[in-house]
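Have a look at the structure below, then the notes.
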Amino acid sequence: MNTPRLQIDLNKIFDNASMLVQRLKADGITVTGVTKAFLGAPQIAQTLLRAGVTFLGDSRIENIEKMRQAGITEPMMLIRSPMISQAARVVASANLSVNTEMAVLSALSTAAQMARKTHEVMLMVELGDLREGIMPQDVERIVQEVRDLPNIKFMGLGANLACRNGVVPDNRNMAELSALANRIAHTSGSCLPIVSGGNSSNLEWVFTGGTIGSINNLRLGESILLGREPLHREPIPGLHTDAISLVAEVIESKTKPSKPWGTIAQSAFNDIASTCARPEINQAVLAIGRQDVDPDGLRPPIGFEILDTSSDHLILNAGDEKPSVGSEIAFQLNYSALLRAMTSPHVSKTFVQNATISHPFVKTSDFAFQSDAA
Ligand SMILES: *Cc1c(COP(=O)(O)O)cnc(C)c1O
């Protein structure tokens, strides 16, 4: 099997997604399964749909197009404001897009008229994190303007927190979104189909008894893939945190001094030479580096420690083990490491079912493999 590789357990992703879908259903909240961290890989998208997500959401039109080409016909949302230069592609492939700018909405309207289609839109509201969003006092006026645009259907409001400034979703900001949605519904005499409260960082608020109000959708990526909530990176009870792992191969394994010798200047990545109490360590060099992954987001197997990484090499203190050259070592990833590995052309993606990674040395035969993505 190719190394390095991301090993993606579709059964565990299914479990995570269906667990979240079921728990949120109890609060009247549907799930948009966010596909951007895996570039819209159709196998994963299909898994999310089987688990009961209502929409698929992606920030890139390319990923939405890829899922369409794979034959997925379910509703898809573009969850980043469209580029005007891509308006026609957005209307062609996405059912709905999130928006904050009239110039973009006009371009979507024009593109939708040309394509003889209706394009649905959700307006994002700024609630304090200062990334995307219309200032709350401007929302009602812009809703009116949007309702007048030909071939555009206003579907509701959304918000996104915790992505730029770490502003936490809570009863106060969620109540502000609900109140705006209620005012707009009252004016028009009909409920908003979608009030999308946020991303995985909203889960803590929901699961600790937050006041749901009119919120009826969340857009979830990280929590489904990694089984953790992003605010404190704590595991979400009942979810798998090992649905995805990164496997790299040992290319050198030697007992070496723990301290470098010679005159010491800066290294390629400005690291200070590591300090270690022992005079000698079992050092393993793995064929993976900063070109493939964000090494700060890797968690090695128990008993191992990541000492350093350069472009193409990762250096492990293997503790009491002496992994043989050619053996494979599996790491857990955080979101940043996952994003980089998913987008690296040097990391292959392998889909497995029911993988168990309980020991450091992964043997290929442990996995019943389903398919190998390009
Ligand atoms: C990435 C993204 C999400 C999903 O966030 P997770 O933390 O992965 O759940 C939701 N909404 C928007 C607008 C996003 O960009």
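As the structure lists them, so they are numbered: ligands from 1, and atoms in each ligand from 1.
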Distance-only check: which donor-acceptor pairs under 3.5 Å involve side-chain atoms of residues 49-61, not counting sequence neighbours?
| residue | atom | partner | partner atom | Å |
| --- | --- | --- | --- | --- |
| D58 | OD1 | R60 | N | 2.9 |
| D58 | OD1 | N63 | ND2 | 3.1 |
| D58 | OD2 | T35 | OG1 | 2.7 |
| D58 | OD2 | K36 | N | 3.1 |
| D58 | OD2 | N63 | ND2 | 3.2 |

Can I get a per-line list of side-chain donor-acceptor pairs under 3.5 Å for residues 230-241, giving both atom names and the distance, sequence neighbours left out?
| residue | atom | partner | partner atom | Å |
| --- | --- | --- | --- | --- |
| H232 | ND1 | E204 | OE2 | 3.2 |
| R233 | NH1 | E222 | OE2 | 2.4 |
| H240 | NE2 | D15 | OD2 | 2.9 |

Open item on the list: Going by side chain to side chain contact (heavy atoms under 4.5 Å, CB included), name the residues that satisfy it together with S310, two or more places apart in sequence or in a different chain.
Closed with: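 Once residues adjacent in sequence are excluded, the partners of S310 under the side chain to side chain contact (heavy atoms under 4.5 Å, CB included) criterion are F269, H313.
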Open item on the list: Strictly under 4.0 angstrom, heavy-atom based: which residues surround ligand 1?
Closed with: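 Residues near ligand 1: V34, K36, I79, R131, E132, N160, N199, S200, R219, L220, G221, E222, Y335.
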Open item on the list: Please find the pair of heavy atoms, one from G33 and one from I224, that lie closest to each other, and give the distance.
Closed with: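 That closest heavy-atom pairing would be CA-CD1, 4.5 Å.
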TODO: Identify the residue among P4, P300, S245 that makes a side chain to side chain contact (heavy atoms under 4.5 Å, CB included) with F331.
DONE: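 The passing option is P300.
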TODO: Treating Ile, Leu, Val, Met, Phe, Trp and Tyr as nodes and any side-chain heavy-atom pair under 4.5 angstrom as an edge, say whether I8 and V34 lie in one connected cluster.
DONE: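 No, I8 and V34 fall in different hydrophobic clusters.
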